[in-house]
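Residue numbers count from 1 along this sequence. Reckoned from all heavy atoms, side chains included, excluding hydrogens, waters and symmetry mates.
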Amino acid sequence: MVLYHVSTTYQLLYCITHRLARHPREGAGLLLVEYIFPEARRKETVQRLLDTGWFSFVRLVPENQFKLRRGNSLTESSSPQEIEGVIRNICACVQGWLGMDVKQFSPIYIGSDQWSFGIYCLANQIPHVYIEDASGMLSQRERYMKITREISLTNYVISQYLHGAGTSEYETARLCDMRNFVPGFTDEKAVNFSIYDALKEEIPQKAPEILEFYGANPVTVSQGRPVCMYMTQYLKSMAVKDLDVQEQITNLLVDYFAQGFQLVIKPHPKDQWLNYRRMFPEAVLLPPNINSELIPFLFDQPVQRVLTASSTSVGGMAPFAQEVFQFTTEIETRFEHLHAVYLAAVLLGEAAKAWGPLHLSLQRVNAVQLENFLRILEVPQMETGTPVLVTEGAPPEAPGSVVLWIAGERSSGKPPVLPRAGQALELRGTLLPEEGSLLTENGFLLYLTDPRPGMLSQLPPLDFVRELPFSRAKLQIQSKLLTEEEIDAKNHEEREIL
């Protein structure tokens with residue numbers, strides 16, 4: 001008989017699919033961390049799982065009860081003796097609650113081993129198979145542990161102490177979706193298992209049964225427009241826990257990356273506070289409890305684009321979406337800088353139209369944000385293209401190639417030292433919020449310099465407005481080729497500041 005332990009809705013679907021695909025003739029038990037569902041739905045959900053016949057028993061692990069009995073909370077400065085004392089208390093709670101010998105199960109599959117049952121198995125050196133928390137998350141342990149720390153510092157401290165979360169010697173294997181690994185990551189214990197592949201290739205006859213359990217109904221969208229699905233986040237896992245910030249990030253990403261698309265919103269199961277119907281009246285709003293991995297089986301047409309700030313579930317969409325746009329967590333703390341990066345991509349696009357493909361070198365620039373905009377604007381790049389240094393640091397005083405300096409906000413950045421040789425182009429962006437916008441008025445400066453005579457003269461002057469309708473703002477964009485006198489004047493401003 002096999003045993004599964006899960007703490008997230010992703011892991012629950014993962015284990016259901018794995019059990020039906022890999023252990024169809026064996027008995028199986030299921031342990032659910034009680035926090036996986038709201039309290040009002042727990043009893044009903046357990047009964048529904050039992051009614052499917054997929055599991056011989058389903059039990060809720062009473063984490064809140066264990067928390068009250070484990071002793072003092074831990075911090076990163078807690079002593080080994082303090083940590084081991086809490087671990088002993090947790091193990092005693094689990095042993096008393098279980099009422100059975102876990103060694104009768106083989107194999108034991110554990111998702112999120114920082115919870116009580118996982119701690120019990122790690123502390124007692126019980127061999128088990130580790131299950132990653134989200135598609136490809138095994139390859140992002142640092143990010144996963146940061147999320148764990150945000151949710152429970154005590155669990156984080158214990159996990160680090162016991163070497164859990166995909167690093168324990170007692171893990172006989174690590175189940176994961178290797179398709180969504182960070183490039184270059186390897187793990188000798190990694191065993192690939194994909195929900196999408198299993199439902200598509202191994203057990204397609206079971207897909208309708210699973211969809212029915214989740215109440216997943218077919219989704220019909222307007223014909224003639226490509227589909228962009230935006231995947232939201234759980235506020236508690238974000239770096240900035242502010243609803244206004246979450247709304248601003250969502251609006252900006254949709255404005256920049258989903259214009260012209262039929263928007264579909266997939267809320268995180270625990271994302272309960274933002275009113276997406278108010279924010280996007282014409283969007284198709286999916287029920288939050290539908291796992292993203294089931295979505296490919298719902299649409300009557302391909303999803304062209306998947307968009308997210310930094311949802312951990314985006315990997316589940318990769319097999320069927322034509323393109324995926326995701327960002328690093330920096331966007332949560334520096335989202336207003338997105339305007340400046342967009343302006344840089346616009347200017348690079350104009351340069352590529354005039355000179356052909358570019359070969360970019362980045363210095364102190366968020367590469368993910370810039371590359372996403374370059375993809376949207378279809379800016380060609382190749383190794384043999386025109387070399388361009390893109391920097392947010394101080395540009396070299398005597399550059400030997402083209403330099404694009406993202407000076408940033410006009411109010412905070414000091415004037416650059418522009419080279420006297422060659423040409424310099426100034427790009428100004430002015431953010432103009434409308435009534436009701438959460439954004440604030442701001443300005444951005446960028447400079448493009450080229451030591452080659454006359455090359456910047458090939459770029460047409462820019463003077464247009466980028467509408468940001470969901471953000472209720474406009475970005476006014478204007479470029480100007482600077483004269484020698486203007487270059488001297490700007491350099492004089494720099495010397496005055498110094």
Side-chain angles (χ1 to χ4, degrees), residues 4 6 8-23 109-112 129-145 147 165-167 171-204 206-207 210-211 214 216 227-233 237 257 264 266 268-269 286 290-299 302-329 367-368 371-372 375:
Y4 293 96
V6 303
T8 67
T9 55
Y10 170 81
Q11 290 171 348
L12 176 58
L13 175 60
Y14 197 92
C15 289
I16 290 171
T17 308
H18 186 269
R19 183 263 190 281
L20 295 175
R22 300 297 168 86
H23 299 288
Y109 297 94
I110 300 179
S112 305
V129 178
Y130 177 79
I131 302 174
E132 65 180 354
D133 190 70
S135 181
M137 187 58 76
L138 181 65
S139 65
Q140 302 180 61
R141 188 175 189 275
E142 183 178 347
R143 180 185 178 192
Y144 178 59
M145 294 310 293
I147 294 172
T167 62
E171 295 163 358
T172 59
R174 294 167 187 142
L175 275 183
C176 52
D177 190 343
M178 297 172 68
R179 179 194 286 113
N180 294 307
F181 274 3
V182 171
F185 177 83
T186 59
D187 187 321
E188 61 181 13
K189 289 187 177 181
V191 175
N192 186 57
F193 183 79
S194 161
I195 294 172
Y196 178 82
D197 291 344
L199 293 178
K200 192 79 174 175
E201 306 295 338
E202 294 184 54
I203 50 169
K206 292 291 184 180
I210 294 175
L211 290 172
Y214 280 92
V227 174
C228 175
M229 183 161 59
Y230 184 84
M231 302 182 69
T232 81
Q233 295 163 272
S237 68
F257 291 90
V264 176
K266 168 57 179 73
H268 185 282
L286 298 180
I290 294 179
N291 292 70
S292 62
E293 289 74 19
L294 294 177
I295 291 173
F297 302 92
L298 303 182
F299 279 89
V303 172
Q304 178 170 325
R305 183 171 297 171
V306 172
L307 174 64
T308 185
S310 52
S311 167
T312 58
S313 297
V314 70
M317 304 298 298
F320 88 105
Q322 296 179 35
E323 49 189 9
V324 175
F325 288 86
Q326 57 184 318
F327 295 78
T328 62
T329 53
V368 172
E371 286 297 333
N372 281 342
R375 286 169 59 196

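In this structure, K200 contributes its side chain and I195 its backbone to no donor-acceptor pair below 3.5 Å. Panel note: side chain D133, backbone T8; no donor-acceptor pair is recorded below 3.5 Å. Put simply, the side chain of S194 never gets that close to the backbone of D177: no donor and acceptor are under 3.5 Å apart. Under a 3.5 Å cut-off, the side chain of N180 and the backbone N or O of M137 do not form any donor-acceptor pair.
What you find for Q11 and S112 is that their closest heavy atoms are NE2-OG, 3.1 Å. Of all non-hydrogen atoms in M229 and L286, the two that sit nearest each other are SD-CD1, 4.0 Å. Contact detail for V306 and M231: the closest heavy-atom pair is CG1-SD, 3.8 Å.
Between R305 and V324 there is no side-chain heavy-atom pair separated by less than 4.5 Å. Side-chain contact between V129 and I110 is absent, with no heavy atoms from C-beta onward closer than 4.5 Å. Taking the side chain as every heavy atom from C-beta outward, E132 and L175 never approach each other to under 4.5 Å. With contacts defined as side-chain heavy-atom distances shorter than 4.5 Å, the pair T232/H268 qualifies. Residues L199 and E293 have side chains not in contact (no heavy-atom distance under 4.5 Å, counting atoms from C-beta outward). At a threshold of 4.5 Å between non-hydrogen side-chain atoms, the residues R375 and E323 count as touching. Side-chain contact between T17 and Y196 is absent, with no heavy-atom pair separated by less than 4.5 Å. Taking 4.5 Å as the limit, some side-chain heavy atom of L211 sits within range of a side-chain heavy atom of L298.
Residues that satisfy the ring pair (Phe, Tyr, Trp, His ring centres under 6.0 Å) test with F257, not counting sequence neighbours, are F325, F327, F373. Residues that satisfy the ring pair (Phe, Tyr, Trp, His ring centres under 6.0 Å) test with F193, not counting sequence neighbours, are Y14, H18. By the side chain to side chain contact (heavy atoms under 4.5 Å, CB included) test, C15 pairs with Y4, V6, I131, sequence neighbours left out. Not counting sequence neighbours, the partners of R22 by the salt bridge (charged side-chain N to carboxylate O under 4.0 Å, His left out) test are E202. Partners of F185 by ring pair (Phe, Tyr, Trp, His ring centres under 6.0 Å), not counting sequence neighbours, listed by chain and number: F181. Remark: R141 pairs with M145, Q160, A165, T167 by the side chain to side chain contact (heavy atoms under 4.5 Å, CB included) rule, at least two apart or across chains. With sequence neighbours excluded, no residue forms a side-chain hydrogen bond (donor to acceptor under 3.5 Å, both in side chains) with T172. With sequence neighbours left out, the side-chain hydrogen bond (donor to acceptor under 3.5 Å, both in side chains) criterion links R174 to E171, D187. In terms of the salt bridge (charged side-chain N to carboxylate O under 4.0 Å, His left out) criterion, K189 has no residue partners (sequence neighbours excluded). Applying the side-chain hydrogen bond (donor to acceptor under 3.5 Å, both in side chains) rule to Y130 yields no partners; only residues at least two apart in sequence or on another chain are considered.
Atom-to-atom distance recorded for T9:OG1 and Y214:OH is 7.0 Å, nearest 0.5 angstrom.
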